[in-house]
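So the structure is just underneath, and the comments pick up after that.
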Amino acid sequence: MRILTWNINSVRLRLPLLKKVMRLCDPDIICLQETKTPDEFFPLGDVEEAGYAYTHIHGMKSYNGVAILSRIPFATQEIHHRVGRQDCRHVSVHFMAPKLKKTVQVHCLYIPAGGDEPDPKINDKFDHKLKFVDEMTRWFRKNHRPDQPLIALGDFNIAPLEHDVWSHKQLLGVVSHTPIEVEKLGRLQDSLGWHDAIRHFVPEEQKCYTWWSYRNQDWKKSNRGRRLDHIWVTKPLASRLKGHKILVEARDWKQPSDHVPVMIDLAI
DNA sequence: ATGGTAGGTACCCTA
């Protein structure tokens with residue numbers, strides 16, 4: 001089973017690229033972030049026509065928005081409100097994994113970016129980001145167990161490892177790679193003993209990025225990327241990881257998202 | 001040290 005995550009940065013603008021990702025990658029489940037549209041404007045007809053009959057979408061006007069598109073039916077689907085807001089950043093589904101013969105959960109997450117100033121006292125957006133990660137940590141601990149087959153993925157907006165950024169030293173004070181964010185993401189990872197499915201395949205000493213800023217005129221030449229998009233699995237799924245792909249070429253497409261699709265294959 | 005680009009919306013917000 002192939003599961004893909006992509007911060008699409010407007011599903012309406014990038015519908016042709018979504019179809020291209022579907023054709024090229026052939027995923028069974030697609031998780032999107034920053035769909036930036038209320039549910040009534042989500043292009044569900046096109047998605048269903050492309051073979052994704054089961055959808056769980058949760059969007060709002062202008063900002064955020066998450067969606068799960070699937071060829072496999074959902075047993076349940078949930079919307080989670082975080083940090084006392086209804087800002088469309090977390091949805092989940094349960095589905096029956098045919099080989100595993102167990103229910104697997106997928107949690108699609110869009111963690112707040114956090115603004116520019118890495119100080120929660122003067123920057124409300126950074127404060128919100130830290131509170132969001134803390135709340136997720138408590139919530140997973142309280143509501144789930146490490147022996148359940150779970151997948152958490154999406155745009156986490158944090159690049160935790162030294163080689164998840166182009167320059168560890170130069171980004172230590174930059175939101176997405178500051179020590180406090182990395183520490184809090186580490187606690188979230190400890191909450192259920194999550195396995196980083198991408199680093200399962202890519203050695204930690206190897207540079208690995210999923211996002212390149214629009215503000216670099218030649219993203220490929222400067223290659224100042226960050227690994228902001230993640231796929232985590234709990235222990236029962238870690239031994240079933242079969243492969244991964246980061247579709248770097250998508251950053252070079254016409255009118256690209258600043259994030260590229262990230263996917264894993266699971267024997268479930 | 002600064003500002004660079006993109007998307008959605010409505011003349012400015014977020015990333």
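Naming: A, B, ... by sequence-line order, numbering from 1 per chain. Model, not experiment: these values are computed from the prediction.
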- request: Under the side chain to side chain contact (heavy atoms under 4.5 Å, CB included) rule, what do A:V174 and A:R226 come out as? Steps first, then yes or no, please.
  value: CA-CA 11 Å; A:V174 174; A:R226 302 178 204 170; 3.9 Å; yes
- prompt: Using a cut-off of 4.0 Å on non-hydrogen atoms, how would the nucleic acid contact of A:Y110 be classed: base, sugar-phosphate, or nothing?
  reply: sugar-phosphate
- request: Remember a base hit wins even if backbone is also touched, and classify A:R224 as base, sugar-phosphate or nothing at under 4.0 Å, heavy atoms.
  value: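 Contact class for A:R224: none.
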- prompt: How would you give the extent of chain A contacts on DNA chain B, as first and last nucleotide 5' to 3' within a 4.0 Å heavy-atom cut-off?
  reply: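 So the outermost contacting nucleotides come out as B:dG4 to B:dA15.
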- prompt: Is there a donor-acceptor contact under 3.5 Å linking the side chains of A:D229 and A:T5?
  reply: no
task: Taking the six-membered ring of A:W253 (Phe, Tyr or Trp), confirm whether the NZ or CZ of A:R14 is under 6.0 Å from its centre and within 45° of its axis.
output: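 No; the conditions do not both hold, so A:R14 does not lie above the ring face of A:W253.
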field: Under the side chain to side chain contact (heavy atoms under 4.5 Å, CB included) test, residues paired with A:P112 that sit two or more places apart
entry: A:R89, A:H128, A:K129, A:F132
field: Watson-Crick or G-U pairs under 3.5 Å in DNA chain B, rendered as dot-bracket with [ ] for crossing pairs and | for another strand
entry: ....((((...))))
First of A:S10 and A:R215 reached from the 5' end of DNA chain B, by closest nucleotide: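 Counting from the 5' end, the first nearest nucleotide belongs to A:S10.
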- prompt: Going by heavy atoms closer than 4.0 Å, what residues in residues 60-68 of chain A are next to DNA chain B?
  reply: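 Contacts with DNA chain B under 4.0 Å: A:K61, A:S62, A:Y63.
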query: Above 12 or not: heavy atoms from other molecules or residues under 6.0 Å from CD of A:Q217?
result: no
query: Can A:R199 and A:D164 be counted as an ion pair, charged N to O under 4.0 angstrom?
result: yes
query: Under 6.0 Å between ring centres, would you say that holds for A:W232 and A:H107?
result: no
field: All side-chain hydrogen bond (donor to acceptor under 3.5 Å, both in side chains) counterparts of A:H195, not counting sequence neighbours
entry: none
- request: Keeping to residues at least two apart or across chains, list the ring-ring contact (aromatic ring centres under 6.0 Å, His included) pairs with something in residues 49-75 of chain A.
  value: none
